[in-house]
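Since this is a predicted model, take the numbers as computed values, not measurements. Keep in mind that the numbers below use all heavy atoms, side chains included, and drop hydrogens, waters and symmetry copies. Throughout, a chain's letter reflects where its sequence line sits, starting with A, and its residues are numbered from 1.
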Amino acid sequence: MKSEPDAFSIDDLRACPKGTDHWDGIRNYQARNFMRDEMKKGDLVFFYHSSCDVPGVAGIMKVVRESYPDFTALDPESRYFDPKSDPANPRWYMVDVKFERKFSHVVSLSELRERRSLKNMQLLQKGNRLSIMPVDRREWDTILKMTETK
DNA sequence: GCCAACGTTGGC
DNA sequence: GCCAACGTTGGC
């Protein structure tokens with residue numbers, strides 16, 4: 001899951017009560033579908049810092065609550081308000097995530113690109129702009145190892 | 001700040 | 001259903 005650290009970083013998540021927060025503001029259908037349909041309680045998730053000095057994987061969090069309607073879509077005061085969202089049939093969903101761990105160094109996007117075995121990662125595909133996407137187990141393990149070798 | 005690559009919107 | 005215009009993402 002990506003976030004711009006200027007807006008919400010892994011340190012911000014850690015600072016939340018119980019290290020837990022809801023992942024609001026997702027307004028892309030594909031990303032929503034991953035949250036709504038694929039993410040299960042207990043799943044581990046990489047926290048990716050985007051649009052910053054060193055974009056890359058900053059740490060790990062865990063899904064602690066499965067998807068439920070994103071209430072910010074219904075709040076006219078919210079920057080994520082969606083006038084087309086219907087309370088009776090919510091369009092947008094979110095999950096709750098909990099801080100697990102912050103890496104001693106960010107596994108940078110450029111490091112990820114250097115790894116042959118990560119070549120097919122969805123994150124690294126041309127034109128990819130999704131803010132939430134699946135990571136397969138091999139990719140997960142490879143990235144974890146990269147945190148230990150530097 | 002630039003720009004490629006999307007996704008969305010709305011007229012037709 | 002097509003497609004131009006527009007808005008957004010995100011690396012550089």
Exercise for the section: Quick one: sort the W140(A) and F46(A) rings into parallel, tilted or perpendicular, breaks at 30° and 60°. Expected result: parallel
Problem - cation_pi(R65(A), Y68(A)) dist<6.0 Å, angle<=45 - result: yes
Handout entry: T147(A) (side chain) donor-acceptor with L144(A) (main chain) under 3.5 angstrom
Key = yes
How long is the line joining [atom1] of [X] and [atom2] of [N], in whole Å?
| X | N | atom1 | atom2 | answer |
| --- | --- | --- | --- | --- |
| K2(A) | dT9(C) | NZ | C1' | 8 Å |
| L124(A) | dG11(C) | CG | P | 11 Å |
| R91(A) | dT8(B) | CZ | C1' | 11 Å |
| D53(A) | dG10(C) | CG | P | 16 Å |
| Q125(A) | dC6(B) | CD | P | 11 Å |
| H49(A) | dG11(C) | NE2 | C1' | 16 Å |
| K126(A) | dC12(C) | NZ | C1' | 16 Å |

Handout entry: T142(A)-R116(A) side chain donor-acceptor pair, cut-off 3.5 Å
Key = no
Practice task
Consider only side-chain N and O atoms of Y93(A) and N33(A), and report whether a donor and an acceptor are under 3.5 Å apart.
Solution key: no
Exercise for the section: With the side chain of S50(A) defined as its heavy atoms from C-beta on, choose the nearest nucleotide among dA5(B), dG10(C), dC12(C). Expected result: dG10(C)
Practice task
Tell me which nucleotide among dG10(C), dG11(C), dA5(B) gets nearest to the side chain of P55(A).
Solution key: dG11(C)
Practice task
For DNA chain C, determine which residues of residues 22-36 of chain A have any heavy atom closer than 4.0 angstrom to one of its atoms, and list them numerically.
Solution key: none
Problem - Degree of bending, the helix from dG1(B)-dC12(C) to dC12(B)-dG1(C) (end axes from five pairs; round to 10°) - result: 10°
Handout entry: Under-4.0 Å side-chain N/O to phosphate OP1/OP2 contact, Y48(A) with dG11(C)
Key = yes
Problem - Phosphate contact (dT8(B) OP1 or OP2) by K84(A) side-chain N/O below 4.0 Å - result: no
